[in-house]
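Written below as structure tokens is the structure these notes are about.
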Amino acid sequence: MGPSPFVRLHLNDNIAVAARHVPLGTSFRFDDSNEFFAREAIDMGHKIALQPIEQGQPIKKFGQTIGFASQPIPAGSWVHVHNVVAGNLSLDYAFCSEVPPEPSLIEGRTFQGYRRQNGKFGTRNYIGIVSTVNCSATTSKYAADKFNQELLAEFPNVDGVVPLIHKGGCAIQYGGEDHQQLTRTLANVARHPNIGAYIVIGLGCETAQASFLMENGGLLQLGNSPSPNQPLVMNIQDQGGVAKTVARAVAQIREMLPEVNRARREAIPVAELMLGLECGGSDGNSGTTANPALGYCSDMLVAHGGTSVLSETPEIYGGEHLLTRRSVTREVGEALLERIRWWIDYTAKFGQRIDINPSVGNKKGGLTTIYEKSLGAIAKGGTSALKGVYLYGEAINQKGFVIMDTPGYDPASVTGLVAGGAHVVCFTTGRGSCYGCKPVPTIKIATNTPMYDRMIDDMDINAGKILDGVPLKEVGREIFEEVIAVASGKKTKSELQGIGDEEFHPWTFGPTT
């Protein structure tokens, strides 16, 4: 009969996931189990019922409930949104009940990184232009555009000039929660060790004043910047308009280039690396291949003394009980639940629910409920103990596995991870997200081989080969080695295409007036 075309992820599951397109009438079995038959064609990543499921009974995947049958489902039937509803889960948080032991520290591995004046370590060497408000975004972009590859050719150690532009910065409460979050994000990205030097450009009349950013973001404190020099801060209105501001910004950056170019890569312990974990354009195989393989990489990094950061709180919902059990203290677990409750309240204010996911593309790829998506997404965090929970864009200051509260929208989520200090981002995708985010390299990991082959110019690693029998641990180790190579200067597929100037997206959630 040959290998089964379906993957059963847990012995208690009453469904299996198609590893490839399965035609109507296909017979299959798992090891010494009974023979099964597909009553209808099942697309790759979609689910098939392994037994009759009565209306109201739970649908089990990963050994967990991902929803409930909305009608009787015969064995061999396609299981998806037409016969499954999310329903309400009763979760046992069991705080700290399954905390894994600390791994034996693995020492000796290094990457080739940049050592900064403030003691931090970078994987890239950019000059940043921090725009305080959308009204100074075009000016910032014009200034950055003056520095093309030809002009930068004499400065080979400089990766480029990146405009950190966004759509916010005004019509918000001065000093309010939204203003503080934007300040925290911009300030932490400005001092990111992948930024060798930066300037700040504002309009002059916006709410998010450059002076507020510098003072409240801690950018005026000595030793708080990758560069020993204080940055140039200017407002377009004070400079006399866009053209004059661009001219002054370009002149200042020209003066910065020789100093930033003096940076040289040197051996840095892997323990200094911080890895951001992201998934987008997910499919039914995300939780089977790429996400658990990335989880294995995450555990390897933690074992080397590094930091791994899970994001996208709305895509933890429904699986948070697996993380509270791994939290090192009850306080850490409660901090995660507080963020979950915040999201429930936040979405309700707009007449929405936290469980409106999966997206259209996710459903086409086989994901049925937010619980299914969340359980697969959590796999990116491996099995390590949960050490902490951080606010959006907050600087992460501890080792091990942690969570940052970010939205599920990928550009905003990754921007938060960058602000938190991530040196490299690993981005898993089943549908084919084309993503990059300067100043941090993004490694894209495909969940299935057909998409990897189709989008070979955008995907860095193919985790779909797990469906062909390649051990998950082998792919996890491949991802880990790719992280070290990219941290040491290897260009990702998105970097080779120049992607990343438009994806910087600080998350805003307050009212706009």
Side-chain angles (χ1 to χ4, degrees), residues 116-120 122 126-137 139-140 143-144 162-240 244-245 248-249 252-253 255-256 259-260 390-397 404-405 412 415-421 439 504-513:
R116 300 303 188 188
Q117 295 282 339
N118 60 2
K120 301 293 185 180
Y126 280 96
I127 292 176
I129 303 177
V130 180
S131 174
T132 64
V133 64
N134 181 245
C135 304
S136 59
T139 302
S140 301
V162 56
L164 299 167
I165 58 179
H166 55 95
K167 302 299 183 183
C170 205
I172 53 178
Q173 179 185 354
Y174 184 84
E177 189 175 5
D178 220 14
H179 189 189
Q180 295 288 355
Q181 179 165 283
L182 178 62
T183 298
R184 179 171 68 242
T185 303
L186 293 178
N188 282 342
V189 172
R191 64 172 136 254
H192 194 286
N194 284 11
I195 299 287
Y198 67 93
I199 63 174
V200 178
I201 298 180
L203 176 62
C205 57
E206 68 271 22
T207 302
Q209 289 284 305
S211 58
F212 186 96
L213 170 65
M214 299 302 293
E215 295 169 10
N216 291 272
L219 295 178
L220 295 179
Q221 300 172 16
L222 294 177
N224 209 11
S225 170
S227 170
N229 300 324
Q230 287 295 334
L232 175 69
V233 180
M234 63 184 113
N235 288 318
I236 297 169
Q237 292 166 350
D238 295 337
Q239 296 299 315
K244 293 176 182 176
T245 306
R248 188 177 181 203
Q252 178 65 23
I253 293 170
E255 292 182 13
M256 290 176 166
E259 176 189 338
V260 177
Y390 287 80
L391 295 177
Y392 181 86
E394 186 177 6
I396 296 170
N397 56 11
M404 174 175 283
D405 178 29
T415 298
L417 290 171
V418 171
F504 183 76
H505 192 302
W507 175 39
T508 58
F509 53 73
T512 300
T513 57

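Nothing fancy with the numbering, it's 1 onward along the sequence.
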Is a donor on one side and an acceptor on the other found under 3.5 Å between the side chain of [X] and the backbone of [Y]?
| X | Y | answer |
| --- | --- | --- |
| N134 | H166 | yes |
| E206 | L203 | yes |
| D405 | L391 | no |
| N118 | K120 | yes |

Can you sort out the partners of [X] under side chain to side chain donor-acceptor pair (under 3.5 Å), two or more places apart, ordered by chain and number?
| X | result |
| --- | --- |
| E394 | none |
| S131 | S136 |
| N194 | T123 |
| Y126 | none |

Exercise: identify the closest heavy-atom pair between [X] and [Y]:
| X | Y | value |
| --- | --- | --- |
| I199 | M256 | CG2-CE, 3.3 Å |
| T415 | H505 | OG1-N, 2.8 Å |
| A249 | I201 | CB-CD1, 4.1 Å |
| Y198 | V130 | CD1-CG2, 4.2 Å |
| Q209 | G204 | NE2-O, 3.0 Å |
| T207 | A171 | OG1-N, 3.7 Å |

I127 vs I195, side-chain contact (heavy atoms from CB on, under 4.5 Å): CA-CA, chis, key distance, verdict: CA-CA 6 Å; I127 292 176; I195 299 287; over 6 Å; no

Side chain to side chain contact (heavy atoms under 4.5 Å, CB included) partners of A144, counting only residues at least two apart: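 So A144 forms a side chain to side chain contact (heavy atoms under 4.5 Å, CB included) with I129, V161, P163.
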
Separation of I253 CD1 from R248 CZ (nearest 0.5 Å):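 Here the rounded value is 12.0 Å.
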
Approximate separation, where rounding is to 0.5 Å, of L220 CG and E215 CD: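 Interatomic distance, L220 CG to E215 CD, rounded to 0.5 Å: 6.0 Å.
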
Heavy-atom check, side chain of N397 versus side chain of Y390, under 4.5 Å: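 Answer yes - side chains close enough.
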
Close side-chain approach of M234 to V200, heavy-atom, < 4.5 Å: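 Sidechains of V200 and M234: no contact.
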
Indicate every side-chain donor-acceptor pair of residues 182-190 with a distance under 3.5 Å to a residue at least two apart or in another chain.
unit_1 : atom_1 : unit_2 : atom_2 : d
T183   : OG1    : H179   : O      : 2.9
R184   : NE     : Y392   : O      : 2.8
R184   : NH2    : Y392   : O      : 2.8
T185   : OG1    : Q181   : O      : 2.9
N188   : OD1    : R191   : NE     : 3.1
N188   : OD1    : R191   : NH2    : 3.2
N188   : ND2    : R184   : O      : 3.4
N188   : ND2    : G393   : O      : 2.7

